[in-house]
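Predicted model, so just to flag it, every value in this text is computed and none were measured. For this chain, numbers begin at 1 and follow the sequence in order.
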Amino acid sequence: MANWNEHVIWTGRRAEVDVRGATPPDPSKFRLLLCNGITVTSETNKAAIASAELLQQNGYSRKSYQPAKGSYDTTQKRYEFPVVRVDYTAAGVSLQWSAAVLWADSTAQSSKLVESINTATDRLTITAHGLLSGNEVAITSTSGLPSGAVANVIYYVKAIDVNTVELYTEPELLNIVNFVNTGSGSIHLRLCGGNPVFFANFQTQLIGQDATYPIEINWAYVSPGNVNGV
């Protein structure tokens, strides 16, 4: 069984909820992400995680995580959720992955294909994008990023119409990303809203064409003040 670890963003988030009364995450929006070509650590930024996630194609999508009620282990000093099994099925081609990340307040989709970039207006065309102004995204390419964009950085969406968006460098939507060229290869927006919670790294795994692969999530919620549950 893989070694699951808590992400530092989640540690901070639950401290804000516990101590400052911040809004807790939506329990219906915990989802499991699969990433490839990255070793996730507790401090890997969420743009880098989302940028390494598998694209929304070939049967891949984020899977819902809804655990049953758990129990408190008085010896380990932690709350343990029951093991949850999540199944992924590759459709048409195989899927390769090497890390799994549990994400709070997640959208169901992982990515959006950018069909074109207008360098005169700095606007991106994505048919029926479904994005909202303020949504957090990163931008990736299978070949070369468009000049003006930086890898593993959070950008903020401004929805212009149902098929068009602009990207900004801050949530206030004041400074637009200026695209000098359109880049090369397939360009995607990676959806970064919400927060990484728990993660595990694996040896490179391959889900064969039309095959199903189960992943077991073994989440233990460590009590504040009890580092590593001891």
Side-chain angles (χ1 to χ4, degrees), residues 1-35 38-53 62-84 86 98-110 131-138 150-157 168-174 190-202 215-230:
M1 183 176 292
N3 182 30
W4 290 84
N5 297 282
E6 184 172 287
H7 196 280
V8 67
I9 290 177
W10 174 252
T11 305
R13 174 73 190 280
R14 66 187 177 99
E16 288 292 312
V17 172
D18 292 343
V19 178
R20 294 175 56 84
T23 302
D26 184 338
S28 70
K29 294 182 179 179
F30 279 82
R31 294 185 172 92
L32 189 68
L33 289 57
L34 296 185
C35 302
I38 186 174
T39 299
V40 180
T41 74
S42 64
E43 297 183 354
T44 304
N45 74 60
K46 64 181 187 175
I49 295 172
S51 295
E53 186 182 4
R62 297 172 176 179
K63 298 295 185 180
S64 178
Y65 168 81
Q66 296 293 318
K69 183 178 180 179
S71 60
Y72 187 76
D73 185 319
T74 56
T75 301
Q76 296 296 323
K77 296 183 174 61
R78 64 188 186 185
Y79 187 88
E80 298 178 347
F81 290 103
V83 174
V84 174
V86 176
S98 58
V101 181
L102 183 62
W103 201 280
D105 291 322
S106 165
T107 59
Q109 286 193 313
S110 65
L131 298 170
L132 301 175
S133 292
N135 282 171
E136 296 175 297
V137 298
V150 179
N152 301 331
V153 167
I154 296 288
Y155 294 109
Y156 300 85
V157 168
Y168 287 75
T169 58
E170 72 295 298
E172 294 78 17
L173 307 181
L174 299 175
R190 307 304 193 107
L191 307 187
C192 302
N195 297 290
V197 174
F198 213 50
F199 66 91
N201 295 295
F202 297 76
I215 299 174
E216 291 187 342
I217 306 170
N218 186 26
W219 186 13
Y221 191 105
V222 178
S223 298
N226 295 293
V227 179
N228 295 325
V230 297

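- In this view, Thr11 and Glu6 satisfy the side-chain hydrogen bond (donor to acceptor under 3.5 Å, both in side chains) rule, not counting sequence neighbours.
- Between Arg62 and Leu191 the shortest side-chain heavy-atom distance falls below 4.5 Å.
- Phe30 and Trp219 have tilted rings, their planes meeting at an angle from 30° to 60° on a 0 to 90° scale.
- Contact check for Ile154 versus Asn45: no side-chain heavy atoms found under the 4.5 Å cut-off.
- Listed by chain and number, the residues in a salt bridge (Lys or Arg N to Asp or Glu O under 4.0 Å) with Arg190 amount to none (sequence neighbours excluded).
- Closest heavy-atom contact between Asn218 and Phe198: O-CE2, 3.4 Å.
- Note that CD of Glu80 and OH of Tyr72 are 10.0 Å apart. Values are rounded to the nearest 0.5 Å.
- Between the CG atom of Asp73 and the CZ atom of Arg78 there is a distance of 6.5 Å, given to the nearest 0.5 Å.
- The side-chain hydrogen bond (donor to acceptor under 3.5 Å, both in side chains) check on Thr44 picks up Thr41, with sequence neighbours excluded.
- For Val8, the side chain to side chain contact (heavy atoms under 4.5 Å, CB included) partners at least two apart in sequence or on another chain are Glu43.
- Listed by chain and number, the residues in a salt bridge (Lys or Arg N to Asp or Glu O under 4.0 Å) with Arg31 amount to none (sequence neighbours excluded).
- At a threshold of 4.5 Å between non-hydrogen side-chain atoms, the residues His7 and Val101 do not count as touching.
- With sequence neighbours excluded, the residues satisfying side-chain hydrogen bond (donor to acceptor under 3.5 Å, both in side chains) with Asp26 are Ser28.
- Residue pairs meeting the salt bridge (Lys or Arg N to Asp or Glu O under 4.0 Å) criterion with at least one partner in residues 98-110, sequence neighbours excluded, are Arg13-Asp105.
- By the salt bridge (Lys or Arg N to Asp or Glu O under 4.0 Å) test, Lys46 pairs with Glu136, sequence neighbours left out.
- Here the side chain of Trp103 pairs a donor or acceptor atom with the backbone of Gly193 at under 3.5 angstrom.
- Checked against side chain to side chain contact (heavy atoms under 4.5 Å, CB included), Ala99 has the following partners two or more places apart in sequence or in another chain: Cys35, Val40, Asn201.
- Residues Cys192 and Ala138 share a closest heavy-atom pair of SG-N, 3.5 Å.
- Summarising the geometry of Asn195 relative to Ile9, their closest heavy-atom pair is OD1-CG2, 3.2 Å, with the distance given to 0.1 Å.
- Judged as a side-chain hydrogen bond (donor to acceptor under 3.5 Å, both in side chains), and not counting sequence neighbours, Thr39 has no contacts.
- Across all non-hydrogen atoms, the minimal contact from Trp4 to Ile215 is CZ2-CG2, 4.4 Å.
- Contact between Asn152 and Ala48 at its shortest, heavy atoms only, is OD1-CA, 3.4 Å.
- Using modelled atom types, one side-chain atom of Asn5 and one backbone atom of Asn3 make a donor-acceptor pair closer than 3.5 Å.
- Among all heavy-atom pairs drawn from Ala104 and Trp10, the shortest one is CB-CZ3, 4.1 Å.
- Here Pro67 pairs with Tyr65, Phe81, Val84 under the side chain to side chain contact (heavy atoms under 4.5 Å, CB included) rule; sequence neighbours left out.
- The side chain to side chain contact (heavy atoms under 4.5 Å, CB included) test applied to Ser42 returns Phe199, not counting sequence neighbours.
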Exercise. List the steps and the verdict of side chain to side chain contact (heavy atoms under 4.5 Å, CB included) for Thr169 and Tyr156.
Key: CA-CA 6 Å; Thr169 58; Tyr156 300 85; over 6 Å; no
